[in-house]
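What follows is a short report on a single structure.
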Amino acid sequence: MPPTITPYTINVPDSALKSLKAKLESTNLPDVVDFIDDWSYGAPLSDIKRLTDHWADGFDWRTQEASINERLPQFTTKVEVEGFGDLDMHFVHQRSEVKGAIPLLFVHGWPGSFLEVEKLLPLLTKPADGGPAFHVVAPSLPNFAFSEGPSKPGFGLKQYAESMHKTMLALEYDQYVTQGGDWGFKVTRAVGHFYPKHCLASHINLVLAKKPAVSAVQEASAYTDGEKAGLARTDWFAQEGFGYNLLQSTKPSAIGFALADSPVALLAWIYEKLHDWSDDYPWTDDELLAWVCMYQFARAGPAASARIYYEVQHPKNEAKHAFATGYIPDVKLGVSIFPRDIYVPPVAWARSLGPVVFGGMHAEGGHFAAHEKPELLAGDLRKMFGKDGGASEIAQRFAV
Amino acid sequence: MAPPYTIAVPDSKIDELHKKLDVATFPDELDEADWDYGAPLADIKRLTAYWKSSFSWRDQEKTLNQLPQFTRSIKVDNFPALDIHYVHQPSPSPDAIPLLFCHGWPGSYLEVVKMLPALQQSHSGVSFHVVAPSHPNYGWSEGPKQRGFGLKQYAETCHKLMLSLGYDQYVTQGGDWGFYITRAIGLLYPEACKASHINMIRASPPTLLKNPWQAVKHKLLPYSAREKKGLERSEWFATEGSGYRTLQATKPATIGFALNDSPVALLAWLWEKLHDWTDAYPWTDDEILTWVSIYCFSRAGPSASLRIYYEATHSGPGGVTRDRTQEWIGGVKLGLCYSPRELTVVPMTWGRTLGPVVFESVKTRGGHFAAHEQPEEIVKDLRGMFGKGGPCHGIVKAGAKL
């Protein structure tokens, strides 16, 4: 019997909105000191105060909710993940009317969500110029937004990959390509690793490629200014920006209690990244709060989102997750590097990840590429799968 | 003469705490999670319920107010003066020497309390005038409003406090930030701080260049079984237990919002450490909640207590880096205490790279909060180090006070 695809409408219960407002109105903020608004120390007090006040008393969730429901066609389907039972998967699905469109699995990361796909949808499903078109599927990862989460430990990359792959199968996309950054990088790599006959090509925008062994002399002369800046940005992330990652990878409950009990804690936790990891993107307050609400109102609760870090760091159900940053031979690979991402290697390093058929380095844009620079990212996908692109042969397989 | 200090948390703060505990929202928990992911849900729920309905801050406050505690204004260079809280228990014995006790995170001056009666008594020809401050940003001390208040300033605060009490020469005891601060004191004020006892030993392997004799021993002799276990413990701390530290050293303000706004967040954040860092210490709920309440009701607020991590890691020119405190400091005699469940348990050849080590003790039990978990052992060490026949007997002049 074919799986049931059920249309989904976000409808946060009134009780959740009420308790959120009550908590926001009794927020206890830290005392003012001279450096309280200095980004080096973390989220500034003035911003958090402004956003907290707006969230309590200005931001209209019901309007946002209706708007998201209108703009993004959403569905759910139950998929079985071996050892974990059935999980109800939430996803955006928009088909293209162009014949031969390529099914594309778009996987978000943290602290993002399915919302990140929105600006790409018209560019990918309704290309203006006869270039490749895509049917786009953008699930919420288990434990995120409106997907269920697992109730036992051990849900690692294999399980995340399985949940994504089975969602595609439920939509009768037996073969497809993928796009992802942040956790979308590791999860789509896992999809390619475990399902190479189904996942034919992958495009990534967080390129966690290790440094190849080169001599110091070769190294010193080889990097362009852009590459040097990227490596400096990568160093900054490792030195100053990695704390959330180490914490969530070792003690997810420590932050989990905070995220579950305090909306301001959640706001600060996410807002700091939306600022630090993007390239001067002009976030509006409503935009920021809508992103935070994806965690505040998540089906599995805000604390669950930290668990992916722990599980991938402590693999239980199979050997290490080393394949994710190793060479995956059967999946054609496209990489796009944005200068204000959190790990910015020289494009050439990507060769260690797989057969690279497209490589682009941009002059602007950050970690949330699909949201910050949708035209650039969509442009890269269309080049990669276009008739002169490195994955054109893959695109042909979907031609009618 | 400094006025005695009375802790008097306003009713409004206690009410606010209770209101928040009343509407506490808990996450779910994975089956069989136990302590792997952090503090267990059952513990946090139980402690929250107890904190809300049974724990009496006023009762604890009354007990805390029985300690001999004071505040005075201490000014360090380039910063405005701060009102510093401290416990001061002098001894009437003529063989008493001044002892500065430095707490760490997530501890407080309370960590000295169990040792107070013994330290005041003459034994082995020594007793102690005990001074245990709340560091700036902790407990009942004010916190600085300017950036850059790092190890140098924490050390200077302690030193000036000792001088203001008439102790121009003294010895120190500390672990956690107490390790770093007392080491900085020894570095900056060797004419005053003549000897230090430390229970968290952060040191690197000896090198032929810097510590030739230890390096040779290190190369030739295998680690003992105890030292190997210690390295495993240290490895656990570095890989599984250091998330909080990296976060606090880079983005203290971000996590600070959580600790300030949610008492449950603060409880979970701290209780996990009290559990993981001790050696099966039988914490009572009252004890846990008193420790957590000191952060909750602290003068500078819980988020301020994290700043030392950031400032010590981003030390500018003229500051004292943590790295420097983990290298040889020549002018201060050292006593090292090795407990099996401390966070960093290094081989003894490594410990001897820190300075002239004149006293070593190896405990068979105990963890990070040594003075609180095994006060009799630390007292024994201090008497062994400073008492008659000990390597530091008479190192600072003794005299009765009171």
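Source: prediction; values computed, not measured. We name chains A, B, ... by the order of the sequence lines, and we start the count at 1 in each one.
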Is chain B contacted by the side chain of [X], its backbone, both, or neither, given a heavy-atom distance below 4.5 Å?
{"X": "A:Leu267", "answer": "neither"}
{"X": "A:Ser19", "answer": "neither"}
{"X": "A:Ile36", "answer": "side chain"}
{"X": "A:Leu29", "answer": "both"}
{"X": "A:Pro302", "answer": "neither"}
{"X": "A:Asp38", "answer": "side chain"}
{"X": "A:Asp276", "answer": "side chain"}

Closest non-hydrogen atom pair between [X] and [Y], with its separation:
{"X": "A:Tyr41", "Y": "B:Gly148", "value": "OH-N, 4.1 Å"}
{"X": "B:Asp261", "Y": "A:Asn28", "value": "OD1-N, 2.7 Å"}
{"X": "B:Lys251", "Y": "A:Glu240", "value": "CE-O, 3.4 Å"}
{"X": "A:Ala268", "Y": "B:Phe257", "value": "CB-CD1, 3.6 Å"}
{"X": "A:Leu247", "Y": "B:Tyr244", "value": "CD1-N, 3.9 Å"}
{"X": "B:Gly38", "Y": "A:Ser253", "value": "CA-CB, 4.0 Å"}

B:Lys13, NZ: over 12 other non-hydrogen atoms inside 6.0 angstrom: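 Yes - once you tally the heavy atoms of other residues, nucleotides and ligands closer than 6.0 Å, there are more than 12.
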Do other residues, nucleotides or ligands put more than 12 heavy atoms under 6.0 Å from A:Lys49 NZ?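 Open: at most 12 neighbouring heavy atoms sit under 6.0 Å from NZ of A:Lys49.
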For [X], is it the side chain, the backbone, both or neither that has a heavy atom under 4.5 Å from a heavy atom of chain A?
{"X": "B:Leu41", "value": "both"}
{"X": "B:Trp35", "value": "backbone"}
{"X": "B:Ala304", "value": "neither"}
{"X": "B:Pro302", "value": "neither"}
{"X": "B:Asp34", "value": "neither"}
{"X": "B:Arg307", "value": "side chain"}
{"X": "B:Thr313", "value": "neither"}

Chain B: which of [options] shares the most heavy-atom pairs with it under 4.5 Å?
{"options": "A:Ala303, A:Pro263, A:Ser262", "value": "A:Ser262"}
{"options": "A:Val33, A:Leu45, A:Val264", "value": "A:Val33"}
{"options": "A:Pro30, A:Ser26, A:Gly256", "value": "A:Pro30"}

Given side chains that start at C-beta, do those of [X] and [Y] come closer than 4.5 Å, heavy atoms only?
{"X": "B:Asp36", "Y": "A:Tyr310", "result": "yes"}
{"X": "B:Ser262", "Y": "A:Phe257", "result": "no"}
{"X": "B:Tyr37", "Y": "A:Glu311", "result": "yes"}

For chain A, which of [options] has the most heavy-atom pairs under 4.5 Å?
{"options": "B:Leu30, B:Ile44, B:Thr250, B:Val23", "answer": "B:Leu30"}
{"options": "B:Gly256, B:Pro27, B:Ala265", "answer": "B:Pro27"}
{"options": "B:Glu16, B:Gln146, B:Glu29", "answer": "B:Gln146"}

What do the steps show when you test B:Asp28 against A:Arg307 for salt bridge (Lys or Arg N to Asp or Glu O under 4.0 Å), and what is the final call? CA-CA 12 Å; B:Asp28 68 355; A:Arg307 291 173 195 158; 2.8 Å; yes
[atom1]-[atom2] distance between [X] and [Y], expressed to the nearest 0.5 angstrom:
{"X": "A:His314", "Y": "B:Glu240", "atom1": "NE2", "atom2": "CD", "result": "3.0 Å"}
{"X": "A:Asp31", "Y": "B:Arg299", "atom1": "CG", "atom2": "CZ", "result": "11.5 Å"}
{"X": "A:Gln239", "Y": "B:His314", "atom1": "CD", "atom2": "NE2", "result": "8.5 Å"}

Can you tell me which residue among B:Thr246, B:Leu247, B:Thr239 is in a side-chain contact (heavy atoms from CB on, under 4.5 Å) with A:Leu246?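 The option that passes is B:Thr246.
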Kindly say whether A:Asp261 contributes a backbone atom to a donor-acceptor pair with the side chain of B:Lys20 at under 3.5 angstrom?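 Such a contact is absent between B:Lys20 side chain and A:Asp261 backbone.
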Hey, does the side chain of B:Thr254 reach the backbone of A:Ala43 with a donor-acceptor pair shorter than 3.5 angstrom?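 The answer is yes, because a donor-acceptor pair under 3.5 Å joins these two groups.
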